[in-house]
S.K.: 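Quick one: this structure, given as structure tokens, is what I'll be asking you about.
Each chain gets a letter, A, B and so on, in the order the sequences are listed, and its residues count up from 1.
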Amino acid sequence: MSSITIAIGLEVHAQITSLRSKLFCGCPSDYRDRPPNANVCPVCLGLPGSLPVFNRRALEKAVAVALALNCEISDKLSFVRKHYFYPDMPKNYQVSQYDRYGLTPLAVGGSLTVEVDGSRRTVRIRRINIEEDTGRIVYPERSILGSRYALVDYNRAGIALLEIVTEPDLRSPREARVFLEKLGSVLEHLEVTDTSLEGALRADANVSIAGGARVEIKNIGSPKELEKALSYEISRQLSIIKSGGTVERETRHWVKEKGITVASRAKELEGEYRYFPDPDLPPIPVGRDLIERIARSLPELPDSRARRIAKEYEIGDYMASVLVLHKRLCDHFEASSRACGSPKLIASLLVNELLRWVDEAGMDIATGVSRLSTDRLCKLVRYLDSGLISVKLLKEYVRLAVLEDTDPEELVFRGMTAIREAEELERVVEEVFRENPKAVEDALKDPRAVNFLVGQVMKKTGKRADPKLVNEIIRRRLFEHGSR
Amino acid sequence: MLPPQCTRLASTPIRVLRERVAEDPDFLFEYIEEVYRVIERHEPQIRAYITLRPKEEVLGEAEALLKSGKLGPLGGALVALKDNISTRGIRTTCGSRMLESYVPPYDATVVSKIKESGGIIVGKTNMDEFAMGSTTENSAFYPTRNPWDYERVPGGSSGGSAAAVAACEATVALGSDTGGSIRLPASYTGTVGLKPTYGLVSRYGLVAYGSSLDQIGPIARCVEDAAIVLDVISGHDPRDSTSLRVEVGGFEKYVVDEPLKSYRVVVIEEMIGEGLDKEVAGVFSKVLKKLESRGLRVEYRSMPLLRYSLSAYYIIAMAEASSNLARYDGLRYGIQPEVEAVHWTDAYGRVRTAGFGYEVKRRILLGAYILSEGLYEGYYLKAAKVRRLLYEEFVRLFREYDLAVSPTSPTLPPRIGEVITDPIRLFSLDVNTTPINLAGLPALSVPGGLANGLPVGVQVFGPPLSEGPILNLARIIEVSRSE
Amino acid sequence: MVKRLSALTLVEVDPQKEEVLSRDLKRIVEMFNEIARLEIAEGVEPLYTTFFGEVNLRDDEESEPVGVGGLNLCGERLEDGYLKSPKTL
Ligand SMILES: [Zn+2]
């Protein structure tokens, strides 16, 4: 697979969740806990005669993103209407931006660099648009195909959205995932998007293999799903190529539940969007003073933060680069390191343990972080330092904290501590020797067989024994045994 | 200049109504009763209204208004609204089957302003479907007849509003003007119709046709009433992105019988060129003579670019219309689609095919054509450039002149059924009015006199925000008519 | 051409009127072609609006949403608050 070039481009849709109201009306931008169709007004429902009025704060947020991604920013914000009929669009056109007919997106020509497995890739940003989100379509019965009708909720219609489009510079599903995570982190650092909210960060991806036809995959809801969808799609295309077929240019849908992409029913006349400048929204000047003011107040962004924490906490570039992919995680790292000390240990617990369990459980990082709280991390550091728990137990403690929300103190009460009293261990070792005479004989001949005995002791102690100590005791006893 | 349906009482102007009601509150009831008598007698023939409010409801509102003591500048005037202006709780059909049962949940900004200023809504008036037309024959319900001659059209698209005001079935009315839809019916019905500067009156709640061209404006029996209504409805509205932040008010002050300034007046030659009826030309030249006799200088200028303005106008209007009318799929309001076991494009297609009339479909299809990939540059973009050039020509013209005058329409009101079958003839009724909308200028049609017993309107227009001088000159034309 | 435009806009005309429509459209497009043929000097910017004031913007403030119930629309087609719609798949 490494000899075949894979080109992946992304069209990322990020809601500006930090706004209080929608893009063109005063309805709250926080629609997630509202009953369906409760979060609407004449404007976002597109009633006859209603008119949009632009939320000025959306421009400030978008400019901050454009600056963070090193884009060139247009001197005006001009809106167009993009037409297609779909039940989730109240006006049957979407207010967006366009780059032809002398019109311009808010920003063009930026970049974002990602690092995967030690190699860096600079991904070019083609453009950034401000546009309105659509409503949501759900199906009343479990099976989409079996349902006789659809259900629409317009609560999301009109939410401010940034469309960030990359050039096809990504080369693997893993890279795409890391890119989306890092972009999400940039948006988090800028306080534009709370990426932990369902549907706040979505992506459409296009893939082409070995210069073949471009296939678009729509409806991808998170970085992890992006990696899965691309992996699936690439193997699907590779198997077509292998069997002598050609990949066709098409649009496919990612079906998360099944983990597959399916061909979309080809929309007739797709691409005939009949763009034209929205006469209800004349161009809004984007002043140099506004850009300068926002540039001056830009917060620390992931790249510079990674450089700083690597140095400040001496955790190495790799750990730092992973931590900054998630603002919450990195904030947690810094807060916990300051509170508990041992930054190297904490970085390793967060990067190697927490992320693993969160990923496996399909949990969001915010939940993981709240379960492996600073308070709990401090306890863990203390327990390990004092020898109350071994490194092996420490990992177990992290697992239980993340997956089951168990406090380390609770585990100590349950007696899940390292058994360090030699006397008790001597007893257990003696028992194991008695029960496994054959293994003892083997171990005397071949030192590698010692591990079996150690394992038996660990088993009997419910992993609570300090393996180093167990090893020592067994070797001493074997020596005594042999010299007898 | 009133048609025979009007009685003395029913034709009371707003200022007089205000004064009489202040002296004697019962006058308001007498007045309303009289207007309803006129309605009962003549509305079955004229058919100006789509929805008429019951008299009892209107009388009840009048009583409440008197009790509140806040008679405001409108003093209980009965205001008819074109049926594309949203009214909370009163259905707003746009003259279309599509919205036959649509009841807006909110008032347009102008409606709130009317209500706050002592106006009483009397009903919603007939119009060409979605304001597309120049005769009111394109209403999905029935055509409206011209009060001066029932065999003739009242003009359009605000034909119902103009006919209601002309026949004294309302005190004043609001219409909307995208390419002449206020001025043309005003001209054909002998009323005063004003299209304000783009952005002077909020469009919030006006069902959009051509958003960059649409303006709401008054239709009245005299210049003064038009000025009073303009004072009420103009002004900044934060709900419309294209609402101007300018000081307004005081338009009433311009309605005086003498020129407030020695206006330099211009006639654009292309507006009195080929296609102009000799009856219209006759009335127009009489008006010019009277202006000159009052010491105003009238000069002539040519503007060859006007030749392209009708095409530019229809390209832009159709493109915008096709976009604005995309939202009518029945899902959220209007004609209900089937929803079970049907694909959405099929369900939408059936609703749209059944809900829109022929003229609307024609413009939707053409609008989509104009905006198609590959054609945009040739049509829409080009039309927008012509629009720029035209605007700049007007800017230059109004550096030299204060105001311009022209016939509002090149013809007398056509007979019902006469022009509707030929699209180009229909469009050419708007030849003198459309350039004004392209340039966003204010313009007013005032009756210049009668020809063959039919009213002929004179269009007065000027640079942006020249409504005051326009009203002044219109008033001079109005008073010199009877001289 | 009419077929494609119909598919694009989801409107169809009465089959009996199709011929008239084609003829009308042709006439109108001919009129529009006058503009397409017009030569305009380089550098003339298109004018999309005659609004030359400062565009109104909103401050980012919430107002109470009305909700589809308060708007009194399509009530009978709501199912658990959702609006019933034709299928999209
Ligand atoms: Zn809203």
S.K.: So which of C:L21, C:L73, C:V13 has the biggest tally of heavy-atom pairs under 4.5 Å with chain B?
M.R.: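 Of the candidates given, the most pairs with chain B belong to C:L21.
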S.K.: Does any heavy atom of chain B fall under 4.5 Å from the side chain of C:V66, the backbone, both, or neither of them?
M.R.: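 The answer is neither part of C:V66.
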S.K.: So which of B:L99, B:T178, B:N138 actually passes side chain to side chain contact (heavy atoms under 4.5 Å, CB included) with B:F130?
M.R.: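 So, applying the side chain to side chain contact (heavy atoms under 4.5 Å, CB included) to B:F130 and each of B:L99, B:T178, B:N138, only B:L99 qualifies.
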S.K.: At a 4.5 Å cut-off on heavy atoms, which part of B:R332 comes close to chain C: side chain, backbone, both, or neither?
M.R.: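 B:R332 touches chain C through backbone and side-chain heavy atoms alike.
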S.K.: Donor-acceptor pair, distance only, cut-off 3.5 Å: does the side chain of B:K361 make one with the backbone of C:E12?
M.R.: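 Yes; judged by distance alone, with no hydrogens or angles, the pair exists.
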S.K.: If you count heavy-atom pairs under 4.5 Å between each of B:G334, B:S243, B:G355 and chain C, which one has the most?
M.R.: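 Result: the option with the highest number of such pairs is B:S243.
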S.K.: Please state whether the side chain, the backbone, both or neither of B:D240 comes within less than 4.5 Å of a heavy atom of chain C.
M.R.: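 Backbone of B:D240 only, per the 4.5 Å heavy-atom cut-off to chain C.
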S.K.: Over 60° means perpendicular and under 30° means parallel, so classify the ring planes of B:F398 and B:F394, tilted if in between.
M.R.: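 Parallel.
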S.K.: Given a strict heavy-atom distance threshold of 4.5 Å, which part of C:I35 is in contact with chain B: side chain, backbone, both, or neither?
M.R.: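 Both parts, backbone and side chain.
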S.K.: Go through the atoms of B:Y106 and report whether side chain, backbone, both or neither lie under 4.5 Å from a heavy atom of chain C.
M.R.: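 The answer is neither part of B:Y106.
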S.K.: Calculate, to the nearest 0.5 Å, the distance between atoms CG and CG belonging to B:L305 and B:L390 respectively.
M.R.: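 Here the interatomic distance stands at 5.5 Å.
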S.K.: Just so I understand: if I count every heavy-atom pair under 4.5 Å between each of C:L57, C:L71, C:V68, C:L25 and chain B, which residue has the most?
M.R.: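 Of C:L57, C:L71, C:V68, C:L25, C:L71 has the most heavy-atom pairs under 4.5 Å with chain B.
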S.K.: Start with the C-alpha distance between B:E340 and C:K84, add both sets of side-chain angles, then the distance that settles salt bridge (Lys or Arg N to Asp or Glu O under 4.0 Å), and finish with yes or no.
M.R.: CA-CA 9 Å; B:E340 299 221 2; C:K84 279 171 91 170; 3.2 Å; yes
S.K.: Which atoms of B:A326 come close to chain C, meaning under 4.5 Å heavy atom to heavy atom: side chain ones, backbone ones, both, or neither?
M.R.: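 For B:A326, no heavy atom lies under 4.5 Å from chain C.
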S.K.: Side chain, backbone, both or neither: which part of B:I370 has a non-hydrogen atom closer than 4.5 Å to chain C?
M.R.: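 When you check distances to chain C, only side chain atoms of B:I370 fall under 4.5 Å.
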S.K.: Once you round to the nearest 0.5 Å, how far does OG of B:S322 lie from CZ of B:R362?
M.R.: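 Taking OG in B:S322 and CZ in B:R362, the distance rounds to 15.0 Å.
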S.K.: Side chain, backbone, both or neither: which part of B:Y348 has a non-hydrogen atom closer than 4.5 Å to chain C?
M.R.: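 Interface part for B:Y348: both.
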S.K.: Top residue by heavy-atom pair count (under 4.5 Å) with chain B, among C:T50, C:I28, C:L47?
M.R.: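 Sorted descending by pairs with chain B, the first entry is C:L47.
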S.K.: Side chain, backbone, both or neither: which part of B:Y358 has a heavy atom under 4.5 Å from chain C?
M.R.: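 Side chain only.
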S.K.: Only pairs of heavy atoms separated by less than 4.5 Å count here; which of B:R88, B:H236, B:E392, B:E377 has the most with chain C?
M.R.: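 Greatest number of close heavy-atom pairs with chain C: B:H236.
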S.K.: Look at B:S311, B:G440, B:S212 and state which one has the largest set of heavy-atom pairs under 4.5 Å with chain C.
M.R.: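 Winner by heavy-atom pair count: B:S311.
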S.K.: Locate the shortest heavy-atom distance separating B:S309 from B:T434; write the atom from each residue and the value.
M.R.: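 Of all heavy-atom pairs spanning B:S309 and B:T434, the closest is OG-OG1, 4.2 Å.
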S.K.: Walk me through it: do B:Y391 and C:F52 pass the test ring pair (Phe, Tyr, Trp, His ring centres under 6.0 Å)?
M.R.: CA-CA 12 Å; B:Y391 171 78; C:F52 301 110; 4.9 Å; yes
S.K.: Go through the atoms of C:R77 and report whether side chain, backbone, both or neither lie under 4.5 Å from a heavy atom of chain B.
M.R.: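 Only the side chain of C:R77 comes within 4.5 Å of chain B.
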S.K.: Quick check on B:S211 against chain C: is it the side chain, the backbone, both or neither that has a heavy atom closer than 4.5 Å?
M.R.: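 Contact with chain C is absent: no heavy atom of B:S211 under 4.5 Å.
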S.K.: When you look at C:F32 and B:Y314, which way does the ring pair (Phe, Tyr, Trp, His ring centres under 6.0 Å) test go after all the steps?
M.R.: CA-CA 8 Å; C:F32 291 168; B:Y314 274 101; 7.4 Å; no
S.K.: Need one label for B:F356: side chain, backbone, both or neither, based on atoms under 4.5 Å from any heavy atom in chain C.
M.R.: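 Side chain of B:F356 only, per the 4.5 Å heavy-atom cut-off to chain C.
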S.K.: Among B:L375, B:L441, B:V360, B:I364, single out the residue with the greatest number of heavy-atom pairs under 4.5 Å to chain C.
M.R.: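 Of the options given, most contacts go to B:I364.
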S.K.: Against chain C, label B:A439 side chain, backbone, both or neither, depending on which of its atoms sit under 4.5 Å from a heavy atom there.
M.R.: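 Looking at B:A439, just its backbone touches chain C.
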S.K.: Could you walk me through whether C:R23 and C:E19 pass the salt bridge (Lys or Arg N to Asp or Glu O under 4.0 Å) check?
M.R.: CA-CA 6 Å; C:R23 204 179 55 223; C:E19 212 174 297; 5.6 Å; no
S.K.: Do other residues, nucleotides or ligands put more than 12 heavy atoms under 6.0 Å from the CD atom of C:E42?
M.R.: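 No - once you tally the heavy atoms of other residues, nucleotides and ligands closer than 6.0 Å, there are 12 at most.
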S.K.: Name the region of B:D346, side chain, backbone, both or neither, that has any atom closer than 4.5 Å to a heavy atom of chain C.
M.R.: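 Contact with chain C: none, neither part.
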S.K.: Roughly how far, to the nearest 0.5 Å, is CG of B:L244 from CG of B:L200?
M.R.: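 The CG atom of B:L244 is 6.5 Å from CG of B:L200, to the nearest 0.5 Å.
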S.K.: Give, as side chain, backbone, both or neither, the part of B:Q336 having an atom under 4.5 angstrom from any heavy atom of chain C.
M.R.: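 Its backbone and side chain both get close to chain C.
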S.K.: For chain B, which candidate among C:G53, C:A41, C:C74 shows the most heavy-atom pairs at distances under 4.5 Å?
M.R.: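 Top option by heavy-atom pairs under 4.5 Å: C:C74.
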S.K.: Mind ranking B:R307, B:E338, B:R245 by heavy-atom pairs under 4.5 Å with chain C and telling me who comes out on top?
M.R.: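 Looking at each option in turn, the highest pair count goes to B:R245.
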S.K.: At what distance, to the nearest 0.5 angstrom, does CD1 of B:I315 lie from CD of B:E320?
M.R.: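 Separation between the atoms: 12.0 Å.
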S.K.: Give the member of B:L331, B:D329, B:V342 that has the highest number of heavy-atom pairs under 4.5 Å with chain C.
M.R.: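 Of the candidates given, the most pairs with chain C belong to B:L331.
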S.K.: Please round to the nearest 0.5 Å and tell me the distance separating atom CG of B:D214 and atom OG1 of B:T242.
M.R.: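 So the CG of B:D214 and the OG1 of B:T242 are separated by 9.5 Å.
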S.K.: Does B:R363 use its side chain to pair, donor to acceptor, with the backbone of B:M318 at less than 3.5 Å?
M.R.: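 Checking the backbone N and O of B:M318 against the side chain of B:R363, no donor-acceptor pair under 3.5 Å is found.
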